[in-house]
Asks: 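Here's a structure for you.
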Amino acid sequence: MAGDYRRQLIDQIKNRALVYADVYDTLCEALGEADAERLLAKAIERRGRAAGRALVSYAPKDFAGLRDAFLRGVPGEGELFSPTVARCDAGGLEIDFGACPLKDAWREAGCDDAKVATLCRIAGAIDRGMFESAGFAIVNHTWKAGEAGCCRLRISAVR
């Protein structure tokens with residue numbers, strides 16, 4: 001990825017992260033932390049549901065096709081989020097993300113571990129919306145203090 005393009009893409013992703021943080025803070029002031037997290041996650045999940053329409057053709061069990069389509073859509077051709085496919089077989093798809101510009105932005109902005117973990121849960125709602133609306137089940141293990149990397153997606157057929 002060319003240097004200027006890469007830097008611009010990272011800056012845009014980090015800007016999105018800071019918008020999430022500002023909206024979360026604003027909602028916290030008005031509604032409290034629990035309702036702020038619930039509402040912001042709901043909005044981000046809704047965005048994911050819209051994006052998930054592009055993945056419907058892979059349900060219920062074309063995990064290789066799902067993997068390829070999903071990874072093609074990861075910003076920066078995988079370079080920025082460092083996805084690793086931990087598993088892709090007839091039973092499901094597992095993808096671990098080794099990096100995250102959103103998480104980096106929250107840390108750079110001085111957010112403590114608890115707030116970063118909350119914002120990761122909120123941002124992870126996009127994946128839940130995307131995969132569920134495409135016809136898959138998902139467990140998204142978002143980052144917690146002391147863990148390396150970032151999100152770990154576990155996608156399976158709906159039972």
Asks: What closest approach, in Å, do Pro60 and Ala157 show between heavy atoms, and which atom pair accounts for it?
Replies: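 For Pro60 and Ala157, the tightest heavy-atom pair comes out as O-CB, 3.6 Å.
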Asks: Is it true that atom NZ of Lys14 has more than 12 heavy atoms of other residues, nucleotides or ligands lying nearer than 6.0 Å?
Replies: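 Check passes, neighbour count above 12.
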Asks: Is the closest side-chain heavy-atom distance between Phe81 and Cys100 below 4.5 Å?
Replies: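 In contact.
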Asks: State, to 0.1 Å, how close Trp143 and Ala148 come at their nearest heavy-atom pair, and which atoms those are.
Replies: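 That would be CD1-O, 4.4 Å.
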Asks: Between CG of Leu9 and CG of Asp4, what distance do you get to the nearest 0.5 Å?
Replies: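 Between atom CG of Leu9 and atom CG of Asp4 there are 12.5 Å.
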Asks: Taking Arg87 first and then Asp96, would you say they form a salt bridge - that is, a charged N and a carboxylate O separated by under 4.0 Å?
Replies: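 So Arg87 does not pair with Asp96 through a salt bridge.
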Asks: Ring-plane angle category for Phe136 and Phe131, please: parallel below 30°, perpendicular beyond 60°, tilted otherwise.
Replies: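 Perpendicular.
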Asks: Give, for atom CD of Glu94 and atom CG of Asp89, the distance between the pair rounded to the nearest 0.5 Å.
Replies: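 Between Glu94 CD and Asp89 CG, I get 8.0 Å after rounding to 0.5 Å.
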Asks: Could you walk me through whether Thr142 and Phe97 pass side chain to side chain contact (heavy atoms under 4.5 Å, CB included), step by step?
Replies: CA-CA 10 Å; Thr142 57; Phe97 291 88; over 6 Å; no
Asks: Locate the shortest heavy-atom distance separating Ala125 from Ala41; write the atom from each residue and the value.
Replies: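 For Ala125 versus Ala41, the nearest heavy atoms are CB-O, 3.3 Å.
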Asks: Decide yes or no on side chain to side chain contact (heavy atoms under 4.5 Å, CB included) for Leu102 and Leu119, but give the supporting numbers first.
Replies: CA-CA 9 Å; Leu102 289 94; Leu119 291 168; over 6 Å; no
Asks: Can any side-chain N or O of Glu147 pair as donor or acceptor with the backbone N or O of Lys144 at less than 3.5 Å?
Replies: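 Confirmed, Glu147 side chain pairs with Lys144 backbone.
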Asks: With rounding to the nearest 0.5 angstrom, report the CZ to CD distance, Arg38 to Glu33.
Replies: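 Output value for this atom pair is 14.0 Å.
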Asks: Can Phe70 and Leu153 be said to form a side chain to side chain contact (heavy atoms under 4.5 Å, CB included), step by step?
Replies: CA-CA 12 Å; Phe70 175 73; Leu153 307 180; 4.0 Å; yes
Asks: Under 3.5 Å, side chain of Ser133 to main-chain N/O of Arg49, donor-acceptor pair present?
Replies: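 Yes, Ser133 side chain to Arg49 backbone: donor-acceptor pair under 3.5 Å.
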Asks: Please name the pair of heavy atoms, one in Phe63 and one in Gly91, separated by the smallest distance, quoted to 0.1 Å.
Replies: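 Looks like CE1-C, 4.1 Å.
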Asks: Quick one: does any side-chain atom of Lys115 pair with a main-chain N or O of Gly110 as donor and acceptor, under 3.5 Å?
Replies: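 It does not hold such a pair.
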Asks: With rounding to the nearest 0.5 Å, note down the distance linking CD1 in Ile44 to CZ in Arg128.
Replies: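 Spacing of CD1 (Ile44) from CZ (Arg128) equals 10.0 Å.
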Asks: Kindly compute the distance separating CG (Leu39) from CG (Leu27), expressed to the nearest 0.5 Å.
Replies: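 Between Leu39 CG and Leu27 CG, I get 6.5 Å after rounding to 0.5 Å.
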Asks: Quick check for you: to the nearest 0.5 Å, what is the distance between Arg67 atom CZ and Asp62 atom CG?
Replies: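 So the CZ of Arg67 and the CG of Asp62 are separated by 9.0 Å.
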Asks: For Leu71, does its backbone N or O pair with a side-chain atom of Asp68 as donor and acceptor, under 3.5 Å?
Replies: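 No; judged by distance alone, with no hydrogens or angles, the pair does not exist.
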Asks: Report yes or no: do Leu31 and Leu40 belong to one cluster of Ile/Leu/Val/Met/Phe/Trp/Tyr joined by side chain heavy-atom distances under 4.5 Å?
Replies: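 Leu31 and Leu40: one cluster.
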Asks: Taking all non-hydrogen atoms of both residues into account, name the closest pair between Gly149 and Lys103 and its distance.
Replies: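 Smallest heavy-atom distance, with atoms named: O-NZ, 2.5 Å.
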Asks: Should Met130 and Val139 be counted in the same cluster of Ile, Leu, Val, Met, Phe, Trp and Tyr side chains packed under 4.5 Å apart?
Replies: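 The answer is no; the residues belong to distinct hydrophobic clusters.
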Asks: How close do Ala134 and Gly52 get, heavy atom to heavy atom, and via which atoms?
Replies: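 It is CB-O, 3.5 Å.
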Asks: Using the rule given for side chain to side chain contact (heavy atoms under 4.5 Å, CB included), can you reason through Arg6 versus Leu80, listing the C-alpha separation, both sets of side-chain angles and the distance that settles it, and then say yes or no?
Replies: CA-CA 9 Å; Arg6 183 179 196 282; Leu80 306 180; 3.9 Å; yes
